Amino acid sequence: MQKSFAMAALLAASCAAQAAGSDADLAAIRAQIADMKKSYEQRIAALENKLAEAESRTAQSAQSAQSAAAPVVAAPAAQSAANAFNPEVSLILQGKVRRSKDIANRGITGFFPTEVEGANARGFSADETELVLAANIDPYWRGQAIVALAGGEAEVEEAWFQSLAIGHGVGLKGGRFRSGIGYLNEQHPHARDFADAPLMYQAMFGDSYAQDGVQLKWLAPTPLFVEFGAEVGRGANFPGTDRNRNGAGGSALYVHVGDDLGVSNNWRVGLSWLKTKASERSAEFTDLGGVAAQGAFTGDSTTWLADFVWKWAPNGNPKYQNFKFQGEYFSRQEKGALNCSSDDAASLCNVAVESSYRTRQSGWYTQGVYQFTPEWRAGLRYEQLDSGTRDFGLNAANLAVDAYKPKKTTAMVDYSWSEFSRVRLQYAQDKSMAGITDNQWTLQYIMSLGAHGAHKF
Amino acid sequence: MNKLFAILLLTLAALPAQADLKVFATVPEWAALAREIGGDKVQVYAATTAFQDPHRIEAKPSLLAQARQANLVVAAGADLEIGWLPLVLRDSGNAAIQPSQPGYFEASAWVNRLEVPTVLDRAHGDVHAAGNPHIHLDPRNVLKVGEALTARMAELDPAQAATYRAGFKTFAGKWQVAMARWEKESAPLRGVGVLVHHRSFVYLENWLGMRELGALEPKPGIEPTSGHLTSLLARQQATPAKMVLRAAYQQDGPSQWIAGKAGIPAVLLPYTVGGTPEAKDLFGLFDDTVQRLLKGLH
């Protein structure tokens, strides 16, 4: 534009030079220039108009695009853009008041002693605070971590990633996760119906079995729910032990089958197999003379589990009323060597004795929980273990073999203000130790803050 | 073992060929809409019935098995199914129906949602961050969702795209006629004050110009308490409601109590397809809803 002005000016100048001296010519030139100026101004104005028009049109279309997209992005105003990418965070507060006998070395008679966290805690305790972080990592993966805070310590209870995009019914999980064996094992303590894990789970795993490794699941493309799972992992947890080696230390296989029965009933049954290896797995024993001795087991541990759960709700609407009935059975076989030793000169194991070790033990529990109003639930659990056959080989001459059937009966009633807050009163008659009947009272609270993911069936 | 494997293979082979678009709808209303659009070209599975609270479903085995085979999940969205659907989707091992994929469709994403909270705090109950998710009770929303759903079904199953578009066109034509009828019939409901059990009728009230004067639930998702019901009854003097509404899946106790005390009718609405014998499909749902509301006036 400026260029054409300059050219016009030059042209005018040259014309002016040629026609110098003639006023009429000058006037004509002036008129010409004025014309040109006018025409250019008009053209500029027209172009400016066009530009303004175009600008407003783009603005309009942007606006209409926005209004078309508006319903899709109608996110709450409170959410800032940077925050939207943060993981779902939730915090579970769990605490209790417990009244029970003070029993030193609390354990389960006849079973390889395992340590059950907090089993002997009496009075008030803040128990465990669970911090859960979860989010999709990208279109292919999802991640979740659960950090349990208890007694001034933080422990990574779970930290895993899960596939989202493999398809064909295949699910892959890697990291530290609760094993898919059994029914209750995958459930977090806050989702359980009783304040403590069943005796069976305490005897098997101390509470529940977690694996550092990978899990592969396949869901069959059938109307009937049929799921197969396989896991390989470090196998560092009881009944295995941590061993510094290449390769896997524990593996598991399971199958789950489930369906609806009419609109009001749902069920699922499962069969699982877990194999781990133990090396120098230590435990406190009492020798035949009543003196403390240390046992160390090295060998294989194989566990079979069978589980079933049945849920009923009128019209399949569990909000007002529902009933859940579940049971699990396990059988464990351990084979290997047992080393008995003691620092106590009086002990029969003062000179270490190595022997063969072979056990086959079993146990089961069954429970029913009835929700009779949206807020109230009541439940009953009965469980029994069988210490079965325990062959200590040469060490049978040194170590006491307890033959006992531990039993426990538990009743609970809980109240929930909402899905996120619950308080529970539980009474248990615990006969898990020979000769002791422990009447336990527990008053527990479970509160969930923040985003709260769905619970498993 | 070999025999077992052979049996398994045979079973898989015997399954019907995957010719149709398999739709997994979380709620009956969107299952019905998918049927209107797809006709016999789609296999539609409804995960819930009108007698189930869609907020409170569990990720049960049958749902996982169905989601495994679905080509398209049609959810209400706006967090309605947050307690179970994410788990079903992830554990289904079906990559096509994950929320980032075309095989996942959220109805509430296509309409203007009401009651989008400005403050998110559980002290306000089980609020949905994305607004009230019960969008289907405004027939205009059904049309908007239908249009988007048709496009999605056509995208996933291009071979039948024309059928879906034709199906929707037929439906939309009939729907617009029906909508005009409902709006005419429901003229007496304009300005009528109502109480509701749960805030599941906001879109219906917005469409018909009814006024919601209170909810029996003190906060969303918290069951009615006697204290709250008493305070609602006290408010009845100053701002009288003409009727109290509840969905087929909600308990009748609180509605009956307040209706008895206030001398107003307790009206059960189908809420979704299948909620009453008359609500056989989407047309029946609105026919019956309008009729029941009109009956409540007299």
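Remember, predicted model here, so these are calculated numbers, not experimental data. Every chain is numbered from 1 and lettered A, B, ... according to where its sequence line falls, protein lines coming before strand lines.
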Okay, B/Leu64 and chain A: the region with an atom under 4.5 Å from a heavy atom over there is both

Exercise. Distance-only, no hydrogens or angles: does the B/Arg68 side chain make a donor-acceptor pair with backbone N or O of A/Leu219 under 3.5 Å?
Worked result: yes

So the ring pair (Phe, Tyr, Trp, His ring centres under 6.0 Å) pairs with at least one residue in residues 49-79 of chain B (sequence neighbours excluded) are B/His55-B/His128, B/His55-B/His134, B/His55-B/His198

Counting heavy-atom pairs under 4.5 angstrom with chain A, the leader among B/Pro99, B/Ala96, B/Pro86, B/Ala65 is B/Ala65

d(A/His455 NE2, B/Leu87 CG) to nearest 0.5 Å is 9.5 Å

ask   = Just wondering, more than 12 heavy atoms not from B/Lys144 lying within 6.0 Å of its NZ?
value = yes

Of B/Gln66, B/Glu223, B/Glu58, the largest count of non-hydrogen pairs under 4.5 angstrom with chain A goes to B/Glu223

Assert top hit (heavy-atom pairs under 4.5 Å, partner chain B, pool A/Gly450, A/Ser418, A/Ala451, A/Pro314) equals A/Gly450

Donor-acceptor under 3.5 Å (B/Tyr249 side chain, A/Asn317 main chain): no

Applying a strict 4.5 Å limit to non-hydrogen atoms, the region of B/Gln250 in contact with chain A is both

Quick one: are B/Gln251 and A/Lys319 in side-chain contact, heavy atoms under 4.5 Å?
no

Whatever's closer than 4.5 Å to a heavy atom in chain B on A/Asn315 counts as both

Residues passing the side-chain hydrogen bond (donor to acceptor under 3.5 Å, both in side chains) test with A/Arg377, sequence neighbours excluded, are A/Asp193, A/Asp414

So OG of B/Ser62 and CZ of A/Arg268: to nearest 0.5 Å the spacing works out to 13.0 Å

Answer yes or no: does atom CD of B/Glu147 have more than 12 heavy-atom neighbours from other residues, nucleotides or ligands under 6.0 Å?
no

Nearest heavy-atom approach of A/Trp267 to B/Pro61 is O-CG, 3.7 Å

Ranked by heavy-atom pairs below 4.5 Å to chain B, first place among A/Tyr320, A/Phe420, A/Phe457, A/Trp417 goes to A/Tyr320

Checking heavy-atom separations under 4.5 Å from chain B, one finds in residues 253-262 of chain A A/Gly258, A/Asp259, A/Asp260

When the 4.5 angstrom heavy-atom criterion is applied to A/Tyr140 and chain B, the contacting part is neither

When every non-hydrogen atom of A/Val263 is compared with those of B/Thr49, the smallest separation belongs to CG2-CG2, 4.2 Å

Honestly, the part of B/Arg90 sitting under 4.5 Å from a heavy atom of chain A is both

*Would you indicate whether the side-chain heavy atoms of A/Asn136 and B/Gln98 approach each other to under 4.5 Å?*
no

Residues 157-175 of chain A vs chain B, non-hydrogen distance cutoff under 4.5 Å, contacting residues -> A/Gln162, A/Leu164, A/Ala165, A/Ile166, A/Gly167, A/His168, A/Gly169, A/Val170

